[in-house]
Amino acid sequence: MNLKITILAGDGIGPEVTHEAVSILKAVAEFGGHDFTFTEALLGGVAITAEGTPIPQKTIDICLASDAVLLGAVGDNKFNHLSPDKRPESGLLQIRQHLGGFANLRPCLAFAALAENSPLRPEVTKDVDILFVRELLGGLYFGGPRWWNKETGEAINTMRYTRDEVVRVARIAFQLAQKRRKKLTQVDKANVLEVSQLWRATVDEIAKEFPDVTVEHQLVDSMAIHLMNRPRDFDVVLTENLFGDILSDESGVISGSLGMLPSATIGGKVNLYEPVHGSAPDIAGQGKANPLGAILTAAMVLRHSGGLEREALAVEAAVAKVLAEGHRTGDIARGKDEITTTTQMGKLVHQALTETLDRHESMHAV
Ligand code: NAD
């Protein structure tokens with residue numbers, strides 16, 4: 001398997017966590033005889049410092065010529081005085097647009113060893129494995145007209161979707177459900193919104209192409225409660241942009257820390273992979289960052305760009321093993337837990353991964 005991967009390490013803890021994620025990808029390449037090449041490019045505050053813009057043309061060109069883009073995080077307080085379109089974060093918004101992905105995948109995994117970190121009871125979060133598929137390019141965030149008239153005290157945003165926009169993201173969600181537990185929950189507000197009625201009807205239509213997948217519809221308000229009461233019942237959760245934003249953030253409480261959450265945006269020209277967290281300037285450069293979100297993001301690169309499901313599972317198992325052994329960065333530590341640094345955590349996962357891959361290899365040799 002050949003993969004050209006662009007690394008946009010970015011700002012703050014971005015380079016620290018990305019370093020660990022890349023080392024995991026290199027380990028997988030070495031063991032499997034895969035040819036992964038890594039090209040670094042500048043995005044965000046580091047790009048402003050070096051090139052005077054948060055997104056140099058060279059970065060766009062390198063990203064578009066690759067098979068996958070792995071991003072750390074962007075954002076640096078020293079650029080807060082700049083207008084929003086010149087700040088590091090604008091580089092992120094622009095690269096997302098250039099790559100064109102419309103299906104944002106946010107897995108919500110409950111690691112048994114972190115059960116005590118969630119405010120939910122361990123018996124509620126046990127074995128939770130949800131994949132949110134959020135439509136990313138349409139809906140209220142992009143629809144027009146949009147304005148705020150301060151004179152009249154009136155503001156408007158528009159929730160608009162076309163059938164085609166729903167079809168393309170629904171097909172991706174169904175295909176992913178087929179590879180998982182074959183259940184898809186579509187979330188909307190069809191009792192009030194016409195846009196939701198379009199979503200519901202379109203998803204039912206596409207469901208006929210995937211007879212092996214069970215479909216259910218939930219209203220977003222009750223879904224917010226079900227996610228906290230019975231998260232184990234959900235497999236793939238498909239929804240529009242705003243609802244997906246809120247529900248996937250809500251489900252973050254199940255995993256226990258922002259530093260644990262991976263994401264991928266697929267369906268466009270090149271897939272973009274990024275941990276959910278930001279550049280965390282409060283802990284940057286101190287070895288305190290949790291690299292597991294970035295490492296789990298690397299697992300998504302293997303799964304969705306490399307088609308390497310077994311290797312992706314091996315990375316996830318390595319993370320679970322290290323957590324089960326009690327290793328903790330500060331954000332997931334409790335009470336008297338000894339704190340592990342970013343680099344140590346990365347090395348521990350690397351070691352657990354190579355042991356797993358070694359075991360597989362010797363099993364194949366037998
Ligand atoms: P943040 O995610 O950077 O941090 C929120 C809190 O979580 C902080 O206390 C931080 O220390 C902690 N945290 C985050 N990731 C962690 C990790 N891996 N390990 C341990 N602790 C972790 O969000 P913020 O503080 O609101 O934003 C900081 C900067 O990041 C801002 O400039 C913001 O615009 C930017 N941002 C970027 C992205 C991105 O690049 N995708 C996402 C969100 C925020």
Side-chain angles (χ1 to χ4, degrees), residues 10 12-14 17 71-75 89 92-93 96 101-111 114-115 117-121 124-125 128-143 157 159 169 172-173 176 184-189 193 195-196 199 218-266 272-283 289-290 292-297 299-300 329 331-332:
I13 63 169
V17 298
L71 177 108
V74 298
E89 292 82 351
L92 177 56
L93 298 180
R96 283 180 182 157
F102 54 82
N104 181 225
L105 314 187
R106 292 236 331 227
C108 169
L109 286 173
F111 288 98
L114 292 185
N117 289 56
S118 170
L120 299 178
R121 290 195 310 278
V124 174
T125 59
V128 168
D129 179 359
I130 305 173
L131 179 62
F132 285 91
V133 180
R134 166 190 172 196
E135 200 292 328
L136 202 64
L137 294 184
L140 210 48
Y141 293 177
F142 294 94
N157 288 98
M159 185 186 270
V169 72
I172 284 186
L176 291 165
L184 185 144
T185 305
Q186 190 275 144
V187 183
D188 60 34
K189 188 73 183 163
L193 302 175
V195 171
S196 288
W199 267 80
Q218 290 286 349
L219 295 173
V220 64
D221 37 4
S222 44
M223 184 66 182
I225 297 171
H226 297 325
L227 270 178
M228 296 296 99
N229 277 334
R230 50 180 187 89
R232 214 174 16 245
D233 289 353
F234 301 102
D235 178 14
V236 170
V237 175
L238 165 67
T239 189
E240 64 87 49
N241 204 342
L242 172 69
F243 300 158
D245 192 0
I246 297 169
L247 292 179
S248 59
D249 266 21
E250 182 195 7
S251 76
V253 304
I254 293 168
S255 305
S257 166
L258 193 53
M260 294 292 304
L261 304 175
S263 85
T265 303
I266 69 173
L272 173 65
Y273 299 87
E274 45 182 324
V276 169
H277 63 75
S279 59
D282 53 334
I283 56 166
N290 183 346
L292 297 182
I295 288 173
L296 292 169
T297 302
M300 295 189 85
T329 44
D331 58 315
I332 49 174

>> Quiz question: by atom type and distance under 3.5 Å, do the side chains of Asp245 and Tyr141 form a donor-acceptor pair?
In response: yes
>> Using a 3.5 Å distance criterion without hydrogens, assess whether the side chain of Asn117 forms a donor-acceptor pair with backbone atoms of Ile332.
In response: yes
> Between Glu135 (side chain) and Leu137 (backbone), is there a donor-acceptor pair under 3.5 Å?
Replying inline: yes
>> A side-chain contact here means heavy atoms from C-beta on lying under 4.5 Å apart; do Cys108 and Ser248 qualify?
In response: no
> Is any side-chain heavy atom of Asp233 closer than 4.5 Å to a side-chain heavy atom of His226?
Replying inline: no
>> Determine whether Met223 and Thr239 satisfy the following criterion, side chain to side chain contact (heavy atoms under 4.5 Å, CB included), listing intermediate values before the conclusion.
In response: CA-CA 11 Å; Met223 184 66 182; Thr239 189; over 6 Å; no
> Does Asn241 offer a backbone N or O that forms a donor-acceptor pair with the side chain of Arg134 under 3.5 Å?
Replying inline: yes
>> side chain to side chain contact (heavy atoms under 4.5 Å, CB included) for Ser196 and Phe243? Distances and angles first, verdict last.
In response: CA-CA 11 Å; Ser196 288; Phe243 300 158; 4.2 Å; yes
> Can you check side chain to side chain contact (heavy atoms under 4.5 Å, CB included) on Phe111 and Met260, steps first, answer last?
Replying inline: CA-CA 10 Å; Phe111 288 98; Met260 294 292 304; 3.7 Å; yes
> Got Val169 and Val133 here, is their nearest side-chain heavy-atom distance under 4.5 Å?
Replying inline: yes
>> Quick check on side-chain contact (heavy atoms from CB on, under 4.5 Å): which of Ser255, Pro107, Pro275 does Pro262 satisfy it with?
In response: Pro107
> Does the distance from a Lys or Arg side-chain N to an Asp or Glu carboxylate O, for Arg96 and Glu274, drop under 4.0 Å?
Replying inline: yes
> Under a 4.5 Å cut-off applied to non-hydrogen side-chain atoms, are Leu219 and Asp188 in contact?
Replying inline: yes
>> Side chains of Leu92 and Leu71, heavy atoms from C-beta outward: is any pair under 4.5 Å?
In response: yes
>> Please identify which of these residues, Val17, Ile295, Leu258, Asp331, meets the side-chain contact (heavy atoms from CB on, under 4.5 Å) condition with Asn290.
In response: Asp331
>> Closer than 3.5 angstrom, by distance alone: can the side chain of Thr125 be matched with the main-chain N or O of Ile254 as a donor-acceptor pair?
In response: no
>> Any heavy-atom pair between the side chains of Phe132 and Leu105 that's under 4.5 Å?
In response: no
>> If we ignore hydrogens and angles and just use 3.5 Å, is the side chain of Ser279 paired with the main-chain N or O of Ala73 as donor and acceptor?
In response: no
> Yes or no on side chain to side chain contact (heavy atoms under 4.5 Å, CB included) for Leu131 and Val237, after CA distance, side-chain angles and deciding distance?
Replying inline: CA-CA 6 Å; Leu131 179 62; Val237 175; over 6 Å; no
> Distance from Ser263 atom OG to Arg106 atom CZ, nearest 0.5 Å?
Replying inline: 6.5 Å
>> Between Asp129 and Arg232 (salt bridge meaning N to carboxylate O under 4.0 Å), is one present in this structure?
In response: no
